[in-house]
Amino acid sequence: MSRSVLVTGGNRGIGLAIARAFADNGDKVAITYRSGEPPQELTEAGVLAVRCDITDAEQVEQAYKEIEEKHGNVEVLVANAGITKDQLLIRMSEEDFTSVLDTNLTGTFRVVKRANRGMLRAKKGRVVLISSVVGLLGSAGQANYAASKAGLVGFARSLARELGSRNITFNVVSPGFVDTDMTQVLTEEQRKGIVAQVPLARYAQPAEIAAAVRFLASDDASYITGAVIPVDGGLGM
Ligand code: NAD
């Protein structure tokens, strides 16, 4: 059955692969993106693309209104949008810290809170949050990012407890290093250093993260909530 699915940050990288996976399923997919143009392949596949900065509650509200008008209540939410602003603590400004938290954690709160309204009415819902292996292991120069990604785990597990009886599940996918724009900033030497620590000895492709997300949103995962699924090639074990 075709569901209304929303993927935040669905115009590129991991979010794009997730949007593709649900569109291939025959679901009604909407994506939000912050800037640029959504890829033509998505619009051609009938995916609804809505510009929305998740740090702005008003833009989140407007985006939901448009999506609900065109696709009905969001039944599956994938909160994928995220940023990095890497810096050693000694040089990390308060803005570097709070802006990453405001996007990755509070931005996720904004989209989840708004989706929850329709899910409560429908008496069902699936929420998948994209965290990171860095949230579990920590990473020098990424204290802001790691704090935001670890925060998502507590957030999801609290909501899994709060809303399980309402038939709404909350799960987390925790990717390792994935071949996307976000990791293009790393030098060849840094990439080699990372790969040397990954048991599967390579980066993930975005589609490998999307496969886990699609599973958690499927009927096959009907009794899974509060789970953190690592898709990290073994890096975090
Ligand atoms: P990316 O930089 O390619 O894409 C990030 C997406 O987030 C973009 O679509 C962007 O528009 C959106 N976004 C950022 N700030 C936003 C805002 N304020 N409002 C709305 N949208 C916003 O990154 P990616 O590698 O595809 O990462 C996607 C998610 O996966 C992120 O949450 C990231 O932290 C996480 N992740 C990535 C990796 C990796 O190695 N690439 C590893 C672990 C986790």
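Numbers here simply count residues along the sequence, with the first being 1. What you are looking at is a predicted structure, and each value in this text was computed from that prediction instead of being measured. Just so you know, ligand 1 is whichever comes first in the structure, and atom 1 is the first atom listed for that ligand.
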* To do: Compute the shortest N/O to N/O distance between I54 and ligand 1 and return yes if it is under 3.5 Å, no if not.
  => yes
* Asked: V173 pairs by side chain to side chain contact (heavy atoms under 4.5 Å, CB included) with which of D232, V78, V213?
  -> V213
* Is any NZ, NE, NH1 or NH2 atom of the basic residue among D27 and R3 found under 4.0 Å from an Asp or Glu carboxylate oxygen of the other? -> yes
* **Polar atom proximity, P175 to ligand 1 (N or O, under 3.5 Å)** => no
* Answer yes if the side chains of Q62 and E58 hold a donor-acceptor pair under 3.5 Å, and no otherwise. => yes
* Look at atom 18 (N) of ligand 1 and say which protein heavy atom is nearest, naming residue and atom and giving the distance to 0.1 Å. => D53 OD1, 2.9 Å
* To do: Mind checking salt bridge (Lys or Arg N to Asp or Glu O under 4.0 Å) for R202 and listing every partner two or more places apart, or none if nothing turns up?
  => E208
* **atom 5 (C) of ligand 1 [closest protein heavy-atom partner, distance rounded to 0.1 Å]** => G82 O, 3.7 Å
* Asked: Is D220 salt-bridged to R214, cutoff N-O under 4.0 Å?
  -> no
* To do: Output yes when E69 and K65 qualify as a salt bridge under the 4.0 Å nitrogen-oxygen rule, no when they do not.
  => no
* Indicate, as side chain, backbone, both or neither, the part of T103 found under 4.0 angstrom from ligand 1 when only non-hydrogen atoms are considered. => side chain
* **Per-atom contacts of ligand 1 with F177, taking only distances under 4.0 Å to non-hydrogen atoms** => 40 (O)
* Asked: Salt bridge between E75 and R126, side-chain N to carboxylate O under 4.0 Å?
  -> no
* Decide side-chain hydrogen bond (donor to acceptor under 3.5 Å, both in side chains) for D86 and Q142; before the verdict, give the C-alpha distance in whole Å, the side-chain angles of both, and the deciding distance to 0.1 Å. => CA-CA 5 Å; D86 299 353; Q142 292 196 303; 3.2 Å; yes
* Structure fact -> Honestly, for S35 the part within reach of ligand 1 (heavy atoms, under 4.0 Å) is neither
* Asked: If every non-hydrogen atom of V50 is compared with every non-hydrogen atom of I67, which pair is closest and at what distance?
  -> CG2-CG1, 4.1 Å
* If hydrogens are left out, which of R34, K149, R12 has an atom nearest to atom 16 (C) of ligand 1, that is, the closest non-hydrogen atom? -> R34
* What part of I14 sits under 4.0 Å from ligand 1 if we count only heavy atoms: the side chain, the backbone, both or neither? -> both
* **G13 neighbourhood, listing ligand 1 atoms whose heavy-atom distance to it stays under 4.0 Å** => 26 (O)
* Would you mind checking which non-hydrogen protein atom is closest to atom 13 (N) of ligand 1, with the distance to 0.1 Å? => A81 CB, 3.8 Å
* **Charged tip of R191 within 45° of Y203 ring normal and under 6.0 Å** => yes
* Asked: Are K85 and E95 close enough for a salt bridge, meaning some N to O gap below 4.0 Å?
  -> yes
* Determine yes or no for a side-chain-to-main-chain donor-acceptor pair under 3.5 angstrom, with K124 supplying the side chain and N167 the backbone. => no
* Asked: Hey, does N80 come in under 3.5 Å of ligand 1, counting only N/O atoms on both sides?
  -> yes
* Asked: Does N11 come within less than 4.0 angstrom of ligand 1, counting non-hydrogen atoms of the residue?
  -> yes
* Measure from atom 24 (P) of ligand 1 to every heavy atom in I83, T180, V100 and give the option owning the shortest one. => T180
* Closest non-hydrogen protein atom to atom 33 (C) of ligand 1, residue and atom name please, with distance? -> Y145 OH, 3.5 Å
* To do: Go through ligand 1 atom by atom and flag the ones less than 4.0 Å from a non-hydrogen atom of T183.
  => 39 (C), 40 (O), 41 (N)
* **Numbered atoms and elements of ligand 1 in range of T55, under 4.0 angstrom, heavy atoms** => 18 (N)
* Asked: Among all protein non-hydrogen atoms, which one is nearest to atom 44 (C) of ligand 1, and what is the separation to 0.1 Å?
  -> S131 O, 3.1 Å
* To do: Heavy-atom contacts with G176 under 4.0 Å: which atoms of ligand 1 show up? List them by number with element.
  => 38 (C), 40 (O), 42 (C), 43 (C)
* To do: Please indicate whether any nitrogen or oxygen in Y33 is less than 3.5 Å from any nitrogen or oxygen in ligand 1.
  => no
* To do: Say whether S174 and ligand 1 are in contact under the criterion: heavy-atom distance to a ligand atom below 4.0 Å.
  => no
* Is Y203 touching ligand 1 with its side chain, its backbone, both, or neither, if touching means heavy atoms under 4.0 Å apart? -> neither
* **Closest approach of any protein heavy atom to atom 40 (O) of ligand 1, naming residue and atom** => V178 N, 2.8 Å
* Asked: Looking just at side-chain N and O atoms, do S93 and D96 make a donor-acceptor pair shorter than 3.5 Å?
  -> yes
* Asked: So is C52 in contact with ligand 1, going by heavy-atom distances below 4.0 Å?
  -> yes
* Asked: Where do S131 and V153 come nearest, in terms of heavy atoms and distance?
  -> OG-CG2, 4.2 Å
